[in-house]
2 protein chains.
Amino acid sequence: MTTSEYDRIVRRLVEAAGHASQSLGVGRVMGQIFAYLYLCRDPRSLDDLTSALGISKGSASMGVRQLEQWGALEKVWVKGDRKDYYKARDAFGKIIKNVIRDLAGKRIESSSILLHEVEDVLKKKVLKNGKDSDEDAFIRERIEKIRLFQNKAQGMWDGVILKMLLK
Amino acid sequence: MTTSEYDRIVRRLVEAAGHASQSLGVGRVMGQIFAYLYLCRDPRSLDDLTSALGISKGSASMGVRQLEQWGALEKVWVKGDRKDYYKARDAFGKIIKNVIRDLAGKRIESSSILLHEVEDVLKKKVLKNGKDSDEDAFIRERIEKIRLFQNKAQGMWDGVILKMLLK
DNA sequence: TTATGCGTTCAATTAGTTTTGAACGTATCA
DNA sequence: TGATACGTTCAAAACTAATTGAACGCATAA
């Protein structure tokens, strides 16, 4: 049978995608659903997903919703059919961008705020006590270095996002 | 007391580092240990770590070993003292590079191998059956696109690593 | 050499995360 | 309107990862 050859390929790619999405921290199911739909020419229903991937209806439902929010899937209405059908969007770049934005959003920023607060505390301490102690000087220097690193990392990160946005 | 002001700062930074390392997928403890030592002028023992961070001796031991392997810590011998002491290395770039290399090592590469295998299977299928079916053509096209994306992602990743290596 | 105290290990436990599936609400069609 | 077929929800179960701490081996100091 011709199908089985494809089935094996699809299954392997779906599995790989599951691993990938898991190691990106978005759960196995996301990768599986997306990969499966990406390799299906025609749209598929939730039931198709549950039987093809061996996941529960609940998982399938939550998965497609999340993927839709990331712009990874498109809902397709089939006239005279009450089921929702889904197909994969073919725009890796934008999808990944959305995922990253969603996941990493405010983390770096919030650490930047923390550093500012800490620096403020140290500044006030100096004003109150007159001169830096040895301990003060050491911690100040280290926090300064953290900030430098943080800026560099931020810059690199922004670069990555930028490349994602272009094309 | 002056210490408590520092204590609060250190504790907050340690906590933030724990969150960061966790979200990078290397566990909370790594970040905590490194941050704590990074903010201590003098080397610290395992016992210091367990009491300062509220973690078990086992965690501390495993943590410092991993961090040492990443080049994040330096062991310091104190004459007449059987304990090992550790201090943080001040080289974020290299440390991060080592961590990334360690974590991400072969992941992208192995997915590349999988794609090659899949492409081979499809090629053989065409040779056997003569002409591409519609289904064939669709899957081929999609796999081609996966490969393109994978190459782009690989390139971007390499770029990040490169910037880490320089300076 | 022995006694002591140190770091290490790993089986057991705890904490956290993902997945399930039964119950539910809703839209559609007869 | 009622019956049916769908998607959604969320508490509970299953699974996975992190952490502990007692037992151990080893090195040092006496």
Side-chain angles (χ1 to χ4, degrees), chain A residues 14-15 17-37 43-70 73-87 99 102-103, chain B residues 14-15 17-37 43-70 72-87 99 102-103 107:
Chain A
V14 163
E15 196 190 348
H19 279 52
S21 66
Q22 182 137 62
S23 79
L24 287 176
V26 299
R28 186 173 45 91
V29 172
M30 302 301 171
Q32 291 186 122
I33 293 177
F34 182 76
Y36 178 68
L37 291 175
R44 294 279 190 267
S45 70
L46 282 194
D47 282 341
D48 294 334
L49 292 176
T50 60
S51 63
L53 303 175
I55 60 179
S56 72
K57 223 171 143 200
S59 278
S61 172
M62 293 191 284
V64 294
R65 179 144 33 98
Q66 178 66 87
L67 286 166
E68 229 186 329
Q69 280 177 6
W70 286 334
L73 300 184
E74 196 171 336
K75 220 179 216 168
V76 177
W77 272 275
V78 174
K79 198 161 69 176
D81 192 330
R82 278 155 71 186
K83 285 178 181 164
D84 294 339
Y85 288 83
Y86 297 91
K87 67 178 208 183
V99 174
D102 195 25
L103 292 182
Chain B
V14 163
E15 197 190 350
H19 280 55
S21 66
Q22 182 137 62
S23 79
L24 288 176
V26 300
R28 186 173 44 90
V29 172
M30 303 300 172
Q32 293 187 122
I33 294 177
F34 182 76
Y36 178 68
L37 292 175
R44 294 281 189 265
S45 69
L46 282 193
D47 282 341
D48 295 333
L49 292 176
T50 61
S51 63
L53 303 176
I55 60 179
S56 71
K57 223 171 142 199
S59 278
S61 172
M62 293 191 284
V64 294
R65 180 145 32 99
Q66 179 65 87
L67 285 166
E68 231 187 327
Q69 281 177 5
W70 286 334
L73 301 184
E74 195 172 335
K75 219 177 218 168
V76 177
W77 273 273
V78 175
K79 196 161 69 175
D81 193 331
R82 276 156 72 185
K83 285 178 180 162
D84 294 339
Y85 289 83
Y86 297 90
K87 67 178 207 180
V99 174
D102 196 24
L103 291 182
R107 241 170 240 160

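Lettering follows sequence order; numbering is per chain, from 1.
The main-chain N or O of A/K57 is never found under 3.5 Å from a side-chain atom of A/S61 such that the two would form a donor-acceptor pair.
Rounding to whole angstrom units, CD of residue B/Q69 and P of C/dT8 are separated by 11 Å. Rounded to whole angstrom, the span from the CD1 atom of B/I33 across to the P atom of C/dG7 amounts to 13 Å. Note: NE2 (A/H19) to C1' (D/dT16) measures 14 Å, nearest angstrom. In this structure, A/D47 places its CG atom 6 Å from P of D/dG7, rounding to the nearest Å. Here C/dG7 presents its P atom at 18 Å from CD of B/Q66, a figure rounded to the nearest Å. Rounded to an integer number of Å, the gap from NZ of B/K83 to P of C/dT8 is 14 Å. Rounding to whole angstrom units, CH2 of residue B/W77 and C1' of C/dC6 are separated by 14 Å. Here the P atom of nucleotide C/dT18 and the CD atom of A/Q22 are 8 Å apart, to the nearest Å.
Residue contacts for B/G63: at a heavy-atom cut-off of 4.0 Å it reaches no nucleic acid atom on any strand shown.
Using a 4.5 Å cut-off on side-chain heavy atoms (C-beta onward), B/I33 and B/I55 make contact. Residues B/K75 and B/Y86 have side chains in contact (heavy-atom distance under 4.5 Å, counting atoms from C-beta outward). Looking only at side-chain heavy atoms (C-beta outward), A/L46 and A/K83 stay at 4.5 Å or farther from each other.
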For nucleotides 25-30 of chain D, just jot down a letter per nucleotide in 5' to 3' order: B, S or -, based on protein non-hydrogen atoms under 4.0 Å.
-> --BB--

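Contact record, A/A17 with A/A35: CB-CB, 3.4 Å, taken as the closest heavy-atom pair.
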B/V29 vs B/L53, side chain to side chain contact (heavy atoms under 4.5 Å, CB included): CA-CA, chis, key distance, verdict = CA-CA 9 Å; B/V29 172; B/L53 303 176; over 6 Å; no

Which pairs, protein N/O on one side and nucleotides 8-13 of chain D N/O on the other, fall under 3.5 Å?
from: D/dT8; atom 1: OP2; to: A/S61; atom 2: OG; distance (Å): 2.7
from: D/dT9; atom 1: OP2; to: A/R65; atom 2: NH1; distance (Å): 3.3
from: D/dT9; atom 1: OP2; to: A/R65; atom 2: NH2; distance (Å): 2.3

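At the phosphate of C/dG16, neither OP1 nor OP2 sits under 4.0 Å from any side-chain N or O atom of B/R28.
With sequence neighbours left out, B/D48 forms a side-chain hydrogen bond (donor to acceptor under 3.5 Å, both in side chains) with B/S45.
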